[in-house]
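Taking it in order: structure first as structure tokens, then the write-up.
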Amino acid sequence: MKPYSSEPSRDPTLPPVTEFAQAAPEPSLPNGAARLASDVKDVGLQGGQAIQRLVHDTGDLAAQGAKSVRSSAHELRERSMQLREAAASYVRHEPVKSVLLAAAAGAALMGLVTLLGRAIAR
């Protein structure tokens with residue numbers, strides 16, 4: 001890190017600091033206040049534009065999200081229809097196995113409900 005120096009910058013592309021001081025006279029208070037008001041107005045406009053971009057981008061993201069949800073819902077609906085058809089086909093081709101599987105699933109479910117009921121009652 002270079003030590004602080006009060007000498008003007010030695011960058012050849014920039015004029016010396018003394019030229020800036022001579023080129024621009026000290027602004028009076030009304031001009032300074034006008035410049036400040038202009039700067040505040042510019043910042044306000046830039047902030048407003050940034051908010052408009054943010055709102056627009058948020059709307060785009062929301063539309064993309066909605067499209068993704070619709071697509072996923074459609075895929076889920078299609079998959080559930082395929083599974084339903086597969087289950088119906090299995091029941092048509094294996095009716096006895098289907099009834100026995102349903103009875104076993106029902107018995108297992110009742111056993112689970114009974115165990116949970118006892119655990120809650122304690």
Side-chain angles (χ1 to χ4, degrees):
M1 179 178 226
K2 292 172 58 177
Y4 176 76
S5 171
S6 62
E7 291 187 18
S9 172
R10 300 287 183 212
D11 185 352
T13 60
L14 297 174
V17 176
T18 55
E19 286 185 27
F20 283 118
Q22 293 170 355
E26 179 86 21
S28 64
L29 183 60
N31 288 341
R35 184 186 303 154
L36 179 61
S38 175
D39 290 348
V40 168
K41 182 180 176 184
D42 290 344
V43 168
L45 290 174
Q46 291 172 357
Q49 291 169 350
I51 289 172
Q52 287 176 347
R53 282 193 306 270
L54 182 63
V55 167
H56 182 265
D57 292 348
T58 303
D60 288 347
L61 286 174
Q64 289 174 354
K67 183 179 177 182
S68 177
V69 167
R70 280 192 299 271
S71 175
S72 297
H74 179 71
E75 290 173 14
L76 182 61
R77 194 176 309 119
E78 289 294 319
R79 182 69 180 139
S80 67
M81 292 296 289
Q82 291 172 354
L83 290 173
R84 186 176 131 197
E85 290 298 321
S89 175
Y90 183 79
V91 169
R92 276 193 299 273
H93 291 97
E94 302 286 343
V96 175
K97 281 186 184 179
S98 298
V99 170
L100 291 175
L101 280 171
L109 202 62
M110 286 307 295
L112 184 64
V113 167
T114 302
L115 286 174
L116 287 175
R118 287 182 186 169
I120 291 173
R122 288 189 223 184

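It should be emphasised that the depicted structure is a prediction, and the values quoted were computed from it without experimental measurement.
- Without hydrogens or angle criteria, S68 side chain to Q64 main chain gives no donor-acceptor distance under 3.5 Å.
- Rounding to the nearest 0.5 Å places CD of Q52 at 11.0 Å from CG of L54.
- In this structure, CD on E94 lies 11.0 Å from CG on L100, to the nearest 0.5 angstrom.
- With S89 contributing its side chain and E85 its backbone, the two residues share no donor-acceptor pair below 3.5 Å.
- Atom CG in L61 sits 10.5 Å away from atom NE2 in H56 (nearest 0.5 Å).
- K67 contributes atom NZ, which lies 8.5 Å from atom CZ of R70 (distance to the nearest 0.5 angstrom).
- One distance of note links NZ of K97 with CG of L101; it measures 8.5 Å at 0.5 Å rounding.
- With rounding to the nearest 0.5 Å, the separation of OG1 in T58 from CD1 in I51 is 11.0 Å.
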